Amino acid sequence: MKRDTRIVHSGRGGKHAPGMINVPVYHASTIVFDTVAEFRQAVAKRNEQVLYYGRRGTPTQWSLADALTELEGGAGTVLYDSGLSAITGAILAFIETGDHILMPDSVYEPTRSFCDMVLRRLGVETTYYDPMAGAGIADLLRANTRLVFTESPGSLTFEIQDLPAIAAAAHARGALVLNDNTCASPLTYRPLDHGADVVIYSLTKYVVGHSDAMMGAAIANEATLERLRRAGYLYGHSVSPDDAYLALRGLRTLATRLERQAETALTLAHWFKQREEVDRVLHPALPDCPGHDIWKRDFTGSTSLFSIVLKNDSDAAMAAMLDGYEHFAIGFSYGGYESLVLPSNPSGVRTATSWSGPLIRFHAGLEAAADLVEDLEKGFERFNAA
Ligand SMILES: *Cc1c(COP(=O)(O)O)cnc(C)c1O
């Protein structure tokens with residue numbers, strides 16, 4: 001089955017809602033049983049998809065979990081109330097006091113803060129590594145290295161990591177590999193096929209796809225699933241059926257939306273490349289992006305995101321440019337149908353690599369590319385006049 005067909009069919013097929021295209025939104029906390037025997041049967045099977053208690057989900061959440069498991073080629077999925085709680089939930093499932101973990105220097109900033117502020121307090125040491133380390137990660141692995149975290153492309157700077165090389169080195173030393181695949185989306189990269197043990201998503205972004213719900217997921221391989229599932233349950237994670245429905249609804253159009261948005265993003269990236277105000281364009285499909293060759297080898301496409309670095313780093317000129325955009329609203333997150341822009345500066349949070357100066361991240365929405373280019377053109381008029 002081709003990927004686009006899988007996106008339409010996964011998690012459906014009448015298992016959770018016979019006769020219906022979409023699984024209904026089942027609201028439930030208490031589940032009631034007719035007999036003691038039925039109650040005991042549910043208790044015995046509570047780790048499977050049986051109605052037991054609301055926190056363990058209803059067919060609405062199970063359908064979403066099944067869809068993601070099928071799409072990623074995993075053994076099972078745990079859902080979380082946000083992408084960040086999927087990251088922290090997955091890490092906490094595998095670590096113990098005294099462990100050491102490796103984090104890419106380009107990691108999503110709140111993940112980094114979790115390591116520095118929470119894991120440190122729990123006696124877990126984090127070493128940040130150059131996202132381009134590849135097989136060289138072996139030099140950083142210690143006897144107590146429990147897991148190697150990866151994220152590719154990096155969410156602001158777009159480095160593409162050599163996951164197969166990192167996974168081979170980590171597995172040789174008994175460490176697990178977690179991958180935050182939010183930026184690449186399930187459409188362009190399948191980390192479990194490239195050596196990851198657990199793939200993590202902020203579903204808030206491309207899967208929900210309409211900027212109206214927050215959710216996360218971790219999809220595990222056979223060897224890691226039980227531990228991930230148990231931790232997810234014991235930490236009390238659960239997601240609302242309404243939000244699970246929105247994620248399922250968003251998922252069905254992911255391929256069409258993202259292909260169009262990726263095409264527009266590439267058009268804009270090439271347009272920026274021609275502008276004399278621009279020093280660098282960071283986009284995995286451009287040959288000068290760190291890891292471009294790995295992207296060509298392992299990925300099936302690019303997405304709606306890219307960043308630019310301007311030659312003139314005047315904050316006032318940048319603000320004049322962004323403040324006046326008609327179609328690019330200033331805001332966090334991405335993956336919705338609307339274009340966004342985010343002023344950022346990674347220099348303050350890098351410790352293993354160096355980065356200097358501000359960058360601007362763009363997210364291409366579903367608007368016509370010509371309107372977006374016109375907006376950007378007027379932006380540079382304000383920039384140059386400031
Ligand atoms: C947004 C994002 C997250 C966090 O997801 P939330 O749903 O906002 O909690 C994690 N990782 C990456 C790469 C992201 O872009």
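When a ligand or atom number is given, it counts from 1 through the structure's own listing order. Just so it is clear, the structure is predicted and the values come from calculations on it, not from any experiment.
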In ligand 1, the atoms that come under 4.0 Å of a heavy atom of T182 are 11 (N), 12 (C), 13 (C), 14 (C), 15 (O)
Is there any N or O on C183 that sits under 3.5 Å from an N or O of ligand 1?
no
Atom indices of ligand 1, in the order listed, that fall short of 4.0 Å to a heavy atom of L84:
4 (C), 5 (O), 6 (P), 9 (O)
Contact atoms of ligand 1, heavy-atom distance to S82 under 4.0 Å:
7 (O), 9 (O)
Do you know the tightest heavy-atom contact between L254 and Y206?
CD1-O, 3.3 Å
Students should be able to answer this: which protein heavy-atom is nearest to atom 6 (P) of ligand 1, and at what distance?
G83 N, 3.3 Å
Please write down residue, atom name and distance for the protein heavy atom closest to atom 7 (O) of ligand 1.
T204 OG1, 2.6 Å
Crowded around Y235 OH? As in, over 12 foreign heavy atoms under 6.0 Å?
no
Looking at atom 1 (C) of ligand 1, what's its closest protein heavy atom, distance included?
K205 NZ, 1.3 Å
Check step by step if side-chain contact (heavy atoms from CB on, under 4.5 Å) holds for L79 and L64.
CA-CA 9 Å; L79 298 174; L64 175 61; 4.0 Å; yes
Heavy atoms only, cut-off 4.0 Å: how does Y334 contact ligand 1, side chain, backbone, both, or neither?
side chain
Using modelled atom types and a 3.5 Å cut-off, is there a donor and acceptor pairing between side-chain atoms of T182 and backbone atoms of Y201?
no
Could you list the atoms of ligand 1 found under 4.0 angstrom from a heavy atom of M214?
6 (P), 7 (O), 8 (O)
For atom 13 (C) of ligand 1, tell me which residue out of I87, L203, D180 has the closest non-hydrogen atom.
D180
Distance-only, no hydrogens or angles: does the D375 side chain make a donor-acceptor pair with backbone N or O of E326 under 3.5 Å?
yes
Quick one: is the NZ or CZ of R112 closer than 6.0 Å to the six-membered ring centre of Y128, and within 45° of its axis?
yes
Would E72 and R6 pass as an ion pair if we require N to O under 4.0 Å?
no
Under a 4.0 Å threshold between the charged nitrogen and the carboxylate oxygen, would R12 count as salt-bridged to D66?
no
At a 4.0 Å threshold, what atoms of ligand 1 neighbour a non-hydrogen atom of E151?
13 (C)
